[in-house]
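Along the sequence shown, residues carry numbers from 1.
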Amino acid sequence: MKLFFGQIFPDLILDLDEQLHITKVLRMREGEEIFVTDGNGNLAKGNLVFEGKKVSLDVSEIKENLPDFSPKLHIAIAPTKNIDRIEFFVEKAVEMGIAEITFILTEKTERKNISIDKLRKQAIGASKQSHRFHFPKVNDLIKFSDFMKNLNPENTFVAHCNESLERINLNDLEILRQAQDDKLDNSNDVSLRLSKTFSQYTFLIGPEGDFSDKEIQLLADKGIKAVSLGNQRLRTETAGIFVAAWNYDKMF
């Protein structure tokens with residue numbers, strides 16, 4: 001499948017960068033079959049049409065509301081000092097179906113600025129490469145304290161390295177999920193039964209040097225559980241990829 005990005009509704013319009021890629025890099029020919037997704041679960045199939053420098057599509061089929069990955073994973077991660085490492089994380093996490101990425105500015109975060117547009121383009125590229133029709137949301141850098149305000153402790157977890165504090169083994173979250181689902185299934189509240197809490201997760205991954213003791217305490221006070229990612233101490237981007245891989249395994 002030759003997959004590209006563009007608008008599908010109300011009219012199909014290929015992204016300008018994609019048009020250039022088709023003509024200047026891939027040197028595709030008129031009439032070749034391609035697929036176009038809008039990143040919102042819609043997919044169009046058709047044949048290339050060239051009108052001067054403009055590239056359009058003679059659409060033969062459109063599929064709407066294609067299924068997305070479940071459970072949905074949101075990782076909030078501190079950007080690394082070496083931007084290449086966080087770019088690698090974005091690429092691999094997107095390939096494994098992550099739904100949302102937020103970059104958080106913690107006390108020990110060394111990188112204070114990121115090129116969010118570049119990272120979003122990388123997310124689109126990784127989505128196309130892995131044939132995803134739902135693109136992940138990539139949020140700009142936000143202060144840790146501001147991000148904390150809207151967290152739901154029922155489905156939010158933090159991976160920190162403080163071994164003196166209680167941490168759940170990552171694999172034990174499946175037991176928590178099942179217990180929560182049983183609780184919702186037995187509830188008299190219909191709205192609760194229809195919204196499985198563990199249909200989505202949020203994981204916080206700290207910076208090089210980990211979260212500060214103050215930040216860990218703030219999370220604990222909010223009722224957010226800590227998890228262990230194993231006996232080894234992982235780099236920030238490795239921890240993010242590890243969680244993405246763990247969630248990817250739950251999709252099948």
Candidate pair Phe89 and Thr238, rule side-chain contact (heavy atoms from CB on, under 4.5 Å), full reasoning
CA-CA 7 Å; Phe89 155 74; Thr238 308; over 6 Å; no
Can you find a pair of side-chain heavy atoms, one from [X] and one from [Y], that are under 4.5 Å apart?
{"X": "Leu229", "Y": "Val243", "answer": "yes"}
{"X": "Ile98", "Y": "Ile75", "answer": "yes"}
{"X": "Glu215", "Y": "Val158", "answer": "no"}
{"X": "Glu51", "Y": "Ser56", "answer": "yes"}
{"X": "Val55", "Y": "Leu48", "answer": "yes"}
{"X": "Val94", "Y": "Lys92", "answer": "no"}
{"X": "Ile216", "Y": "Leu165", "answer": "yes"}
{"X": "Glu110", "Y": "Pro207", "answer": "no"}

Which residues pass the side chain to side chain contact (heavy atoms under 4.5 Å, CB included) test with [X], not counting sequence neighbours?
{"X": "Leu218", "answer": "Phe144, Met148, Lys214"}
{"X": "Ala99", "answer": "Lys72"}
{"X": "Asp84", "answer": "Asn82, Glu87"}
{"X": "Arg167", "answer": "His160, Glu163, Ala226, Ser228"}

If you take all heavy atoms of [X] and [Y], which pair is closest and at what distance?
{"X": "Lys222", "Y": "Leu151", "result": "CE-O, 3.4 Å"}
{"X": "Gly31", "Y": "Asn47", "result": "O-ND2, 2.9 Å"}
{"X": "Asp210", "Y": "Ala159", "result": "OD1-O, 4.4 Å"}
{"X": "Pro136", "Y": "Ser127", "result": "CD-OG, 3.4 Å"}

Does [X] [atom1] have over 12 foreign heavy atoms under 6.0 Å away?
{"X": "Gln129", "atom1": "CD", "value": "no"}
{"X": "Asp146", "atom1": "CG", "value": "yes"}
{"X": "Phe69", "atom1": "CZ", "value": "yes"}

Determine whether [X] and [Y] fall in the same hydrophobic cluster, where Ile, Leu, Val, Met, Phe, Trp and Tyr are linked whenever their side-chain heavy atoms lie under 4.5 Å apart.
{"X": "Ile83", "Y": "Val138", "value": "yes"}
{"X": "Leu234", "Y": "Ile104", "value": "no"}
{"X": "Phe135", "Y": "Leu3", "value": "no"}
{"X": "Leu16", "Y": "Leu26", "value": "no"}
{"X": "Leu43", "Y": "Ile13", "value": "no"}

Only distances under 3.5 Å count here; give the side-chain donor-acceptor pairs of residues 32-40 to other protein atoms, sequence neighbours excluded, each with its distance to 0.1 Å.
unit_1, atom_1, unit_2, atom_2, d
Glu32, OE1, Lys2, NZ, 3.1
Glu32, OE2, Arg29, N, 2.7
Thr37, OG1, Gly39, N, 3.1
Thr37, OG1, Asn42, O, 2.9
Thr37, OG1, Phe133, O, 3.4
Asp38, OD1, Asn40, N, 2.9
Asp38, OD1, Asn42, N, 3.3
Asp38, OD2, Asn42, ND2, 2.9

Stepwise, does the side-chain hydrogen bond (donor to acceptor under 3.5 Å, both in side chains) test hold for Ser115 with Asp117?
CA-CA 6 Å; Ser115 176; Asp117 289 337; over 6 Å; no
May I have all residue pairs that pass side chain to side chain donor-acceptor pair (under 3.5 Å) and include part of residues 132-144, sequence neighbours excluded?
Glu100-Asn139, Thr102-Asn139
Inter- and intrachain pairs under side chain to side chain donor-acceptor pair (under 3.5 Å), touching residues 8-25, at least two apart:
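Residue pairs with at least one partner in residues 8-25: Glu18-Lys128.
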Please list, chain by chain and in numerical order, all residues satisfying ring pair (Phe, Tyr, Trp, His ring centres under 6.0 Å) with [X], sequence neighbours excluded.
{"X": "Phe103", "value": "none"}
{"X": "Phe4", "value": "none"}
{"X": "Phe203", "value": "Phe157, Trp246"}

What is the distance from atom [atom1] of [X] to atom [atom2] of [Y], rounded to the nearest 0.5 Å?
{"X": "Lys108", "Y": "Ser212", "atom1": "NZ", "atom2": "OG", "answer": "6.5 Å"}
{"X": "Phe5", "Y": "Ile124", "atom1": "CZ", "atom2": "CD1", "answer": "4.5 Å"}
{"X": "Thr80", "Y": "Ile205", "atom1": "OG1", "atom2": "CD1", "answer": "13.0 Å"}
{"X": "Leu105", "Y": "Arg111", "atom1": "CG", "atom2": "CZ", "answer": "12.0 Å"}
{"X": "Asn247", "Y": "His74", "atom1": "CG", "atom2": "NE2", "answer": "12.5 Å"}
{"X": "Leu57", "Y": "Lys45", "atom1": "CG", "atom2": "NZ", "answer": "11.0 Å"}

Strictly distance-based, threshold 3.5 Å: is any side-chain N or O of [X] a donor or acceptor partner for the main-chain N or O of [Y]?
{"X": "Thr156", "Y": "Ile224", "answer": "no"}
{"X": "Thr236", "Y": "Gly206", "answer": "yes"}
{"X": "Glu95", "Y": "Ala126", "answer": "no"}

Full working for side-chain contact (heavy atoms from CB on, under 4.5 Å) between Leu14 and Ile22:
CA-CA 10 Å; Leu14 274 165; Ile22 286 170; 4.0 Å; yes
Test Met251 against Ser70 for side-chain contact (heavy atoms from CB on, under 4.5 Å), laying out the working first.
CA-CA 6 Å; Met251 296 176 182; Ser70 181; over 6 Å; no
Listed by chain and number, what are the salt bridge (Lys or Arg N to Asp or Glu O under 4.0 Å) partners of Glu30, not counting sequence neighbours?
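If we apply the salt bridge (Lys or Arg N to Asp or Glu O under 4.0 Å) test to Glu30, skipping adjacent residues, there are no hits.
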Taking salt bridge (Lys or Arg N to Asp or Glu O under 4.0 Å) as the definition, give me every residue that meets it alongside Glu166, ordered by chain and number, with sequence neighbours left out.
none
Any chance you could lay out the side-chain contact (heavy atoms from CB on, under 4.5 Å) test for Asn152 and Thr202, step after step, and finish with the verdict?
CA-CA 9 Å; Asn152 177 3; Thr202 297; over 6 Å; no
